Amino acid sequence: MDSAMGPEIHYCSECGRPTSSDDLARFGDRLICPLCKESYTQKLREGVMPVAGMRYAGFWIRFLASLIDSIILGTVTKTLQYALFPSLGVVTAPAPGANPWEMLGPQLAKLGWAFLVSTVVSLTYSTWFMGALGATPGLMALGLKVVRPNGSPIGYGRALARYFAAMLSGITLGIGYLLIAFDPEKRALHDMICDTRVIKTRR
């Protein structure tokens, strides 16, 4: 073949732009064009994982992470509930001649406050850890992290929205969670709603 032929054309891993192989910068297995190079290197400095480098976490490892979080949350919540409402689990017999229904109101009020404490603790736990660190202790223990599709952090607002969206995954008889097994990016229903991904950070 004619040796005067120009350099081979490849495609930028970031924007897909056809670029001469001589002009592409290589980062691992990714080829980056001059127009994307600055923003890509900035992502690397900020610790944002390139999309092609993401390894998505499957159902069982996420289930185990959720189990770890449930144990932590259960311990903290019960401790707070019994500290605030020492008689929460104590059922006393009504006095002779007293109307047992009169005891029902105060007991239901305690249960309502206990439920509120549980909800606030769970919401704060999930939102703060996800917003600040991108993972709850359960996820961190297994080397998992929640990110945006481009690998960037989800932030507090999206972490809060994801907490409520996860309720939908639960009230659909768990079908929202089972979607993880069938989605190519292993997304649950709440991941689809909030546009998040759960990835593995350990090789």
Side-chain angles (χ1 to χ4, degrees), residues 12-16 27-28 30 32 35-77 80 116-172 174-203:
C12 174
S13 299
E14 280 288 277
C15 66
F27 295 84
R30 294 171 65 80
I32 309 299
L35 295 177
C36 296
K37 184 177 179 181
E38 183 175 347
S39 62
Y40 185 81
T41 53
Q42 181 63 29
K43 287 181 185 180
L44 295 179
R45 284 194 292 269
E46 293 173 356
V48 176
M49 183 175 292
V51 175
M54 290 183 182
R55 295 179 302 124
Y56 302 109
F59 177 84
W60 289 111
I61 191 169
R62 291 176 63 171
F63 174 79
L64 184 57
S66 177
L67 186 61
I68 294 171
D69 285 325
S70 296
I71 294 171
I72 296 171
L73 272 172
T75 303
V76 173
T77 299
L80 280 175
L116 180 61
V117 169
S118 174
T119 302
V120 170
V121 169
S122 177
L123 185 151
T124 304
Y125 177 93
S126 177
T127 302
W128 188 86
F129 277 111
M130 289 286 194
L133 304 174
T136 58
L139 291 169
M140 286 188 280
L142 298 176
L144 307 181
K145 192 171 184 179
V146 181
V147 297
R148 298 298 311 284
N150 65 352
S152 62
I154 66 172
Y156 290 102
R158 197 174 297 269
L160 178 62
R162 193 174 184 274
Y163 172 83
F164 289 107
M167 293 181 179
L168 292 177
S169 292
I171 64 176
T172 54
I175 294 174
Y177 289 104
L178 291 177
L179 292 175
I180 297 170
F182 304 99
D183 184 73
E185 296 181 327
K186 303 186 187 303
R187 295 173 298 168
L189 177 61
H190 50 283
D191 291 312
M192 296 177 182
I193 293 172
C194 296
D195 198 23
T196 57
R197 308 291 186 273
V198 181
I199 61 171
K200 298 176 180 179
T201 61
R202 297 174 186 165
R203 292 293 176 182

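Just so you know, these numbers come straight off a predicted model, no measurement behind them.
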Heavy-atom distance under 4.5 Å between the side chains of Val147 and Pro153, does that happen here?
no
Could you tell me which non-hydrogen atom of Cys194 sits nearest to which non-hydrogen atom of Ala165, and how far apart they are?
SG-CB, 3.9 Å
Tell me whether Thr124 contacts the main-chain N or O of Val121 through its side chain, where contact means a donor paired with an acceptor under 3.5 Å.
no
Sequence neighbours excluded, which residues qualify as ring pair (Phe, Tyr, Trp, His ring centres under 6.0 Å) partners of Tyr125?
Phe129
To the nearest 0.5 Å, how far apart are OG1 in Thr136 and CD1 in Ile72?
7.5 Å
Going by the rule salt bridge (charged side-chain N to carboxylate O under 4.0 Å, His left out), which residues pair with Asp183 if we only count those two or more places apart in sequence or in a different chain?
Arg187
For a side chain to side chain donor-acceptor pair (under 3.5 Å) check, start with the C-alpha distance between Arg158 and Thr196, then their side-chain angles and the critical distance, and finish with the verdict.
CA-CA 9 Å; Arg158 197 174 297 269; Thr196 57; over 6 Å; no
Atom CD of Glu185 and atom CE of Met192: how far apart are they, to the nearest 0.5 Å?
9.0 Å
Mind checking what makes ring pair (Phe, Tyr, Trp, His ring centres under 6.0 Å) contact with Tyr156, not counting sequence neighbours?
none
At what distance, to the nearest 0.5 angstrom, does OH of Tyr56 lie from CD1 of Ile61?
15.5 Å
Is any side-chain heavy atom of Val198 less than 4.5 Å from a side-chain heavy atom of Lys186?
no
Quick one: are Pro137 and Ile68 in side-chain contact, heavy atoms under 4.5 Å?
no
Residue pair Arg62 / Ile180, side-chain heavy-atom distance below 4.5 Å:
yes
Taking Ser126 for the side chain and Ser122 for the main chain, is one N or O donor matched with an acceptor at less than 3.5 Å?
no
If I take atom CG from residue Leu73 and atom OG from residue Ser118, how far apart are they, to the nearest 0.5 angstrom?
8.0 Å
Describe, in one word, how the ring planes of Phe63 and Phe59 are oriented to each other, choosing from parallel (under 30°), tilted (30 to 60°) and perpendicular (over 60°).
parallel
Validation row: Tyr177, Leu189 side chains within 4.5 angstrom (heavy atoms):
no
One should read off an interatomic distance between Leu168 CG and Ile175 CD1, to the nearest 0.5 angstrom, of 12.5 Å
Residue pair Thr201 / Leu144, side-chain heavy-atom distance below 4.5 Å:
no
Do Lys145 and Leu139 come close enough that some side-chain heavy atom pair is under 4.5 Å?
no
State the CG-OH distance between Leu123 and Tyr163, to the nearest 0.5 angstrom.
5.0 Å
Between Asp191 (side chain) and Arg197 (backbone), is there a donor-acceptor pair under 3.5 Å?
no
